[in-house]
There are 2 protein chains.
Amino acid sequence: MAEPTLRDVALLAGVSPRTVSNVVNGYAQVSPQTRAKVEKALEQLDYRPNVLARNLANGRSGQVAVVVPYLDTPYFAELLQAIIPRVRARGFNVLVDQTDGDRAHEAELIRRKARGFLYDGMILSPLGLSQADLAGRDPDLPLVILGERSSDGAFDHVGIDDVAASCEAVTHLLSLGRRRIAAVGDQPYATGEAAQRRTAGYRLAHERAGLPVDESLIVQTPRFNRVDGATAMARLLDRPDPPDAVFGYSDLVALGAIRVLLERGLRVPEDVAVVGYDDIEDGRYSTPSVSTISPDKSTIAEAAVDRLLRRIESRGPVTGEEFVVPWTLVARESTVGRGAP
Amino acid sequence: MAEPTLRDVALLAGVSPRTVSNVVNGYAQVSPQTRAKVEKALEQLDYRPNVLARNLANGRSGQVAVVVPYLDTPYFAELLQAIIPRVRARGFNVLVDQTDGDRAHEAELIRRKARGFLYDGMILSPLGLSQADLAGRDPDLPLVILGERSSDGAFDHVGIDDVAASCEAVTHLLSLGRRRIAAVGDQPYATGEAAQRRTAGYRLAHERAGLPVDESLIVQTPRFNRVDGATAMARLLDRPDPPDAVFGYSDLVALGAIRVLLERGLRVPEDVAVVGYDDIEDGRYSTPSVSTISPDKSTIAEAAVDRLLRRIESRGPVTGEEFVVPWTLVARESTVGRGAP
DNA sequence: CTGAAAGCGCTAACAA
DNA sequence: TTGTTAGCGCTTTCAG
């Protein structure tokens, strides 16, 4: 049984498709009588507009792509959870994709050929993308980049100041009297910019405190997961001069590290204090709860969606904006022990 | 600068749009010479098909909606992570939405009017949906329901046998000698079917063991989050006759309960053993790690996607299938202590 | 194997 | 205010 079309409604109501369209979309002025007639026909046929046809006629898909590296990483899941309702509230649908942090995949997504008018814009949280990849992107694609990368002026960027935040996290540990602070998560290669900013913050904190950095305490991990934190921590504890504190580049890294510390009978924070990054929910209810850098996710989502839709709706190119989101250091049990908030 | 269309390519190549379409889609046989000409033109113009137009002509959107209650709940995030690549591998895009477990929202999504050919089918993981809501759904929408609800024959259903799994979880606790096992997460009202099946399994385990059920140990929680587990656990411990084991209706509930137990200085599992449900990653790295019912998420995703796409591709109605996915009980530290796998 | 042409269902410029 | 009509860009039937 074929779906009723605008035409069917028009025929039934004895008006033109144009008028029905006006009624459906609330355009222009329609006389009350006509409107009533049309609405009755609409009702009678149980008409629902065909979005596909509308999209084609409009030249817009009404869809926005949101792309993150991993959906099952709590930070990105929480971010997505914040973004989706906001996009939908503005009348757009959300197409979701994950890249597994694969640089080629990320680069492909923003390249010209990839899109086929399937989405009107994209919010991308890249992991491996290089500046060169960004340079080769589709210049007509409204794009908001999330995370630790500054805009080159042609797309919007939303994120927190990672260097400052990392510096604060490490300063917190220093202020607790810790002097052998491990930095867990460095990635000193092209696709590790996010990690490198945290390392920069780590160095900055030491510098400001007039303390030297023990390079051997800066540990690399392939990713920012629990297993990475666990593996790194185990290695650190096997050294003759283990650290008395850990700055994990994500809360998952911190949780993995804590897991190993407790397994080895060490106390957190008494023996080793740990601070993480992201403020995911897991860290709030773990034992001990995890001190962390808490980026304001609502603000990030709000800003990203707002920037993107503004750009889509204004069509033509707009100059890229840099939007720096506030963050806070949340001190929980993993650094200040029981009685922490 | 307007995008090149099929027509432009045809003009440049000196053939008809029909032929270009054939080449682009690999349809029919095209003579090598013609093909070469067309491909050159394609290349030259950097042509990319307009998906919107193609969709309209095909009467299909090439999109699948995947709807879960909460994106930031690890179980659903992990499920989504498993589903998305599989859908994309079959050439479809994924539209994601979350319902916040709101029954009205869920019911609306499967109602006739909601869709506008925007998606060709839906995978829905309902929380509050009633049988009546399901009865009122759009009969033409290919639908796969995930979770604890049996099919009425007109849609597919994929899930594990919750009663059996819950029974096994509780039997595990009984086999460890526990006799005062709390069940945390019951929801004895219309929208709590999922919870009720777990409770049924809890009862069944006792029945099989020939043991009575202490009704006061079956505790209700509004949701299955950490905070619910924590709150319930606190109340249980305030009783004069606290439990010696807990069956949490999700791993989050279990983690929340463990958190409170440790805070109060109790040992897990020595004083109180805890088992959860879902096998989320958090439970594997927490201290102690959480024993749990592990549904086979890959199989769930695989089955759901396969059923849905099969239905979409075969168009006409197919009889609904019930697909029962295997699960396992994973005994970790929260029940068997250190040395657990 | 390829061309001509009729839609898919909706929007919107142009008329009336 | 409302009707007429020409697309949006692609697919596909029917000829040739």
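Computed from heavy atoms alone, side chains included, the values below leave out hydrogens, waters and symmetry copies. Lettering follows sequence order; numbering is per chain, from 1. The shown structure was predicted, so the numbers you read here are calculated from the model rather than taken from an experiment.
Distances from the side chain of T34(A) to the nucleotides dT1(D), dC10(D), dT11(D) place dT1(D) closest.
At the heavy-atom level, V15(A) lies under 4.0 Å from the strands shown only through sugar-phosphate atoms. Among the atoms of the strands shown, none is found under 4.0 Å from any heavy atom of N55(A). Among the atoms of the strands shown, base atoms are found under 4.0 Å from some heavy atom of S21(B).
If you check distances only, the side chain of R18(A) never reaches the base of dT1(D) with a donor-acceptor pair under 3.5 Å.
Between R111(A) and D138(A) there is no salt bridge, since no side-chain nitrogen of the basic residue lies less than 4.0 Å from a carboxylate oxygen of the acidic one.
Looking at N50(B) and R54(B), their side chains never bring a donor and an acceptor atom within 3.5 Å of each other. With hydrogens and angles left out, the side-chain atoms of N55(A) and S61(A) include no donor and acceptor closer than 3.5 Å.
In terms of phosphate contacts, N22(A) brings no side-chain nitrogen or oxygen within less than 4.0 Å of OP1 or OP2 of dA12(C). Regarding contacts with the backbone of dC1(C), every side-chain N or O of T19(B) stays at 4.0 angstrom or more from both OP1 and OP2. Dashed line: the shortest gap from a side-chain N or O of R54(B) to OP1 or OP2 of dT11(D) is under 4.0 Å. Put simply, S31(B) has a side-chain N or O that comes within less than 4.0 Å of OP1 or OP2 on dT2(C). Taking only side-chain nitrogens and oxygens, N25(A) comes nearer than 4.0 Å to OP1 or OP2 of dT11(C). Applying the 4.0 Å criterion to OP1 and OP2 of dG3(D), one finds that S16(A) has a side-chain N or O inside that range.
Regarding R60(B), its CZ atom lies at a distance of 15 Å from the C1' atom of dT12(D), rounded to whole Å. Atoms CZ (F117(A)) and C1' (dC10(D)) sit 13 Å apart, rounded to a whole Å. The separation between R7(B) atom CZ and dT11(D) atom P is 15 Å, rounded to whole Å. Rounded to a whole Å, the CG atom of L56(A) is 18 Å from the P atom of dA6(D). When rounded to the nearest whole Å, the span between CG of L11(A) and C1' of dC10(C) equals 16 Å. If you take CG of L52(A) and P of dT11(C), they are 12 Å apart, rounded to a whole angstrom. Atom pair L6(A):CG and dA12(C):C1' shows a separation of 12 Å (rounding to whole Å applied). Between R48(A) atom CZ and dG9(C) atom P there is a gap of 12 Å when expressed in whole angstrom units.
Comparing P17(B) and Q33(B) against DNA chain C, the residue whose closest nucleotide sits nearer the 5' end is Q33(B). Comparing A57(A) and A53(B) along DNA chain C, the residue whose closest nucleotide (by nearest heavy atom) sits nearer the 5' end is A53(B).
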Please test R137(B) against D133(B) for salt bridge (charged side-chain N to carboxylate O under 4.0 Å, His left out), starting from the C-alpha separation and ending with a verdict. CA-CA 7 Å; R137(B) 76 181 180 289; D133(B) 294 326; over 6 Å; no

Start with the C-alpha gap between E3(B) and R48(B), add the side-chain angles, then the distance that decides, and say whether side chain to side chain contact (heavy atoms under 4.5 Å, CB included) holds. CA-CA 8 Å; E3(B) 289 294 314; R48(B) 45 183 174 165; 2.9 Å; yes

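Although no hydrogens or angles enter the test, the distance criterion places a donor-acceptor pair under 3.5 Å between the side chain of S314(A) and the main chain of R310(A).
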